[in-house]
Amino acid sequence: MIFNKLSFGSTIGIIGGGQLGKMMAQSAQKMGYKVIVLDPSEDCPCRYVAHQFIHANYDDEQALNQLGEQSDVITYEFENISAEQLQRLTKKYHIPQGYQAIQLLQDRLTEKQTLLQAGTQIVPFIEVKDSKDIEEVKTKLGFPFIVKTRFGGYDGKGQILVNGEDQLNDVYELIAKQECVAEKYLSISKEVSLTVSIGNHQQITYFPLQENEHRNQILFKTIVPARTDKELAARHEVDKIIKAIHFVGTFTVEFFIDSEDNLYVNEIAPRPHNSGHYSIEACDYSQFDTHILAVTGQSLPHKVDILKPAVMMNLLGKDLDLLEHEFGDHPEWHVHIYGKSERKANRKMGHMTILTDDVNETEQLMYDKFKGRD
Ligand code: ADP
Ligand code: MG
């Protein structure tokens, strides 16, 4: 569906008020839009930068209707919202992102099936429902393998890395409670991601390829441009995905490069992504700017230029002491603090982006700063 661009002063409703919702709202407001956010948490980060807040669960039908009535367009920052509710809402309200991407991608199994059908290269996997399936995993994939819950996982939550028989009890416990998939555990040489925005007129804008380092399965840092020659190959995989799934707005595809230099699609986030945060300072458009342009029906830039190479560091609860101690001496650290009230060791509390002429040197400086951080 093509629709006319939203005029200034119109209202964007955002389902989900975490840091992604907050940064979307900030881009929206810069462009003259009002924002209403719906979130179950009373002190969610987006609440304090939005014009209006609806305090409700993501599947609260009445509250979602209220959001629809008060908004000219609805977007979401979070893929684990109810696909059924979203489908229902698309019949009454304007939701350019649609519900198909959510429906396919919030379940790791249908996500993988969709990626296979689209013709992308993915890590071999097996659906796991019971202990018989684990026997198949052992023979077909072999140790080590990784078991992931089909629904609700993020930042490595709901995943077990299985190196040998002695860890299988944990797996049996997990699969008794939740449906899972198992995939081969790769020897990874690099992780990269590609953020893309799709306009309402099927215009495609690619961000530069991002190189990601995870620690404990949580993004630790992103370097852009990625130090690999896989950018075109990654774009090629993304193009296949775009043909298979309806998208409008910003989304990110995560990839693995293994020790034999093979590129695998890992997963898709149908929304702005942590590894795209550097674009706020390092590019001429941020991933939130292009997302808002897309969902409000405006043209997207033909290309996004990187103005300067960048290193983006995530700031977890356990990093904030370091930050508070040193922040004042480092104006070159572009610090974003999301405003979450509860600080937890592994919770994402903010991030910082450093623009640099020498990413290798800046990377080393950051390793020294974060020394001892797991
Ligand atoms: P999440 O939804 O939690 O981001 P991912 O599937 O992206 O889930 O896994 C998180 C991280 O765990 C990845 O970025 C990677 O570092 C590691 N990981 C996941 N699957 C594999 C795998 N099959 N082989 C090696 N490492 C993996
Ligand atoms: Mg991931």
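As the structure is a computational prediction, the values presented were derived from the model and not from experiment. Numbers here simply count residues along the sequence, with the first being 1. Each ligand, and each atom within it, is numbered from 1 in the order the structure gives.
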### Query
What residue pairs, at least two apart or across chains, pass salt bridge (Lys or Arg N to Asp or Glu O under 4.0 Å) with a residue in residues 244-261?
Lys230-Asp261
### Query
Of all residues at least two apart in sequence or in a different chain, which pass the salt bridge (Lys or Arg N to Asp or Glu O under 4.0 Å) check with Arg108?
Glu267
### Task
Tell me whether Glu267 has at least one N, O or S atom under 2.8 Å from the Mg ion (ligand 2).
yes
### Summary
Close residues (non-hydrogen atom under 4.0 angstrom from ligand 1) work out to Arg108, Ile146, Lys148, Gly153, Tyr154, Asp155, Gly156, Gln159, Glu183, Lys184, Tyr185, Leu186, Ile188, Glu191, His214, Gln217, Glu254, Phe256, Asn266, Glu267
Can you list, pair by pair, the side-chain donor-acceptor contacts under 3.5 Å of residues 349-359, counting residues two or more places apart and other chains?
{"residue": "His351", "atom": "ND1", "partner": "Tyr338", "partner atom": "OH", "Å": "2.7"}
{"residue": "Thr356", "atom": "OG1", "partner": "Asp358", "partner atom": "N", "Å": "2.9"}
{"residue": "Thr356", "atom": "OG1", "partner": "Asp358", "partner atom": "O", "Å": "3.1"}
{"residue": "Thr356", "atom": "OG1", "partner": "Thr362", "partner atom": "OG1", "Å": "2.7"}
{"residue": "Asp358", "atom": "OD1", "partner": "Asn360", "partner atom": "N", "Å": "3.1"}
{"residue": "Asp358", "atom": "OD1", "partner": "Glu361", "partner atom": "N", "Å": "3.0"}

### Query
From Phe78 CZ over to Arg271 CZ, what is the distance, rounded to the nearest 0.5 angstrom?
8.5 Å
### Query
Going by atom types only, do Tyr264 and Glu183 share a side-chain donor-acceptor pair under 3.5 Å?
no
### Message
With carbon and hydrogen excluded and only N/O/S kept, which atom of Glu254 is nearest the Mg ion (ligand 2)?
### Response
OE1
### Query
Heavy-atom count around Lys240 NZ within 6.0 Å, excluding the residue itself: above 12?
yes
#### Entry: Asp133/Glu127 under side-chain contact (heavy atoms from CB on, under 4.5 Å): CA gap, chis, key distance, verdict
CA-CA 7 Å; Asp133 297 326; Glu127 181 183 358; 5.9 Å; no
